[in-house]
Number of protein chains: 2
Amino acid sequence: MRSQRAELVADTAIDLLADRGMRGLTHRAVDEAAGLPPGSTSNLARTRSALLELTLDRLTELEIAEYDSFLTLTGAGLEEGAETLADLAAKALWIQLTAGRRRTIARYELALEATRRPELRTAYDKVGALFREPGVAILTAAGSSDPLRHSRQIVAFTEGLVFDAVVGAGAEPTPDDLRRGLAELLRGMLIRPDPRP
Amino acid sequence: MRSQRAELVADTAIDLLADRGMRGLTHRAVDEAAGLPPGSTSNLARTRSALLELTLDRLTELEIAEYDSFLTLTGAGLEEGAETLADLAAKALWIQLTAGRRRTIARYELALEATRRPELRTAYDKVGALFREPGVAILTAAGSSDPLRHSRQIVAFTEGLVFDAVVGAGAEPTPDDLRRGLAELLRGMLIRPDPRP
């Protein structure tokens, strides 16, 4: 059970990561930005590693809350096929580019840092699995011939669209761009190359 | 014209970014890691901003050298259609996951930093255009109905595959995974939903 103060510290750390990057995230900067007495963040998370893990935990919690509602929608949309699926996924992506933009940047900062910190890697990969596993079930139901690989591909594609729009050089896609792109990827994965016997 | 020393400084900065992140890249750390007398990096790039721009310039140079040979290959492969295109693109991606792995991580560090530094954003976006423009020509030749959007999608997809494999939670794709994934995306973009009139 996390205290209200721990939540404030973690939310502040997410904002600092987004606005100032890894160099801007320090225990002291969190205290200041959160308006807490000096030492408060250190009391909650003694080491830098502990602070990063607390931040990733909170980010995961926030992203799962968002993703959960998407998965419920997807279940309902499945019967109507790939176009509906693309529509719903595009809506979830749109949030990552707009309201969830700072969370998105903070997540990329943590992902990069995880290449250097095994303890963060383990935590990050656990979250990854949460996001990947339902995809396999959805794609199996949608008739994919290779649901594990296809699920990975969809995650990679959406990750790339978001990365490109938020931190890369890509033009900001419109919701319609997202929907059409996802529909095309799904179509390419789900159809048979030659439907005639 | 860049001096040999500037090249050494930039190459060292790329490695530091990959191995230690933005926090680990300082003028002093570059001097030490490159075996240069203290102050050498400051002499070449006075400010942090100048050091980051020098590093991005060098990274761009190295990535364009790699991408150029891919583009030549792609031109030759075009007549043979989407499968060949996917094959060649997969080979280029494979390099980013293996021999070019540190460069890939350094590029992501700079992309994230560019969200906070307008001068780096401008430089980064200029590189992005270099990588995007030939894609539009290739996709037009391949019969795309929407080459600009499709080119962006391919860049985003490949970026996502690489990001996911190098810093995300994704399993490492095999060269064959890359080839099949790209072929599926191209198929979904290039076929007409209903080929019968």
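Letters A, B, ... mirror the listed sequences (proteins, then strands); counts begin at 1. This one's a predicted model, so the numbers in the text were calculated from it and none came from an experiment.
For B:R121 against A:V167, the heavy-atom pair with the smallest separation is NH2-O, 2.9 Å.
At a 4.5 Å heavy-atom cutoff, the contact between A:D19 and chain B is made by backbone atoms alone. Of the atoms belonging to A:L25, not a single heavy atom falls under 4.5 Å from chain B. B:V166 touches chain A through its backbone: at least one of N, CA, C or O sits under 4.5 Å from a heavy atom, while the side chain does not. Using a 4.5 Å cut-off between heavy atoms, B:A114 does not touch chain A at all. Only the backbone of B:L17 comes within less than 4.5 Å of a heavy atom of chain A; no side-chain atom from C-beta onward does.
Side-chain contact between A:R23 and B:R48: present, with at least one pair of heavy atoms (C-beta onward) separated by less than 4.5 Å. Side-chain contact check for B:D146 versus A:R180: some heavy-atom pair is nearer than 4.5 Å.
Note on ring orientation: taking the six-membered ring where Trp is involved, the planes of B:F163 and A:F163 are tilted (angle from 30° to 60°).
With respect to chain A, the highest number of heavy-atom pairs below 4.5 Å among B:R149, B:H150, B:K126 belongs to B:R149. Chain A forms more heavy-atom pairs under 4.5 Å with one residue of B:T158, B:L110, B:I105 than with any other, namely B:I105.
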ask   = Can you list the steps and then say if B:R152 with A:D177 is a side-chain contact (heavy atoms from CB on, under 4.5 Å)?
value = CA-CA 10 Å; B:R152 281 193 205 131; A:D177 286 345; 4.2 Å; yes
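Between A:R116 and B:E109, at least one side-chain nitrogen of the basic residue sits less than 4.0 Å from a carboxylate oxygen of the acidic one, meeting the salt-bridge criterion.
For A:Y124, the ring pair (Phe, Tyr, Trp, His ring centres under 6.0 Å) criterion is met by no residue, not counting sequence neighbours.
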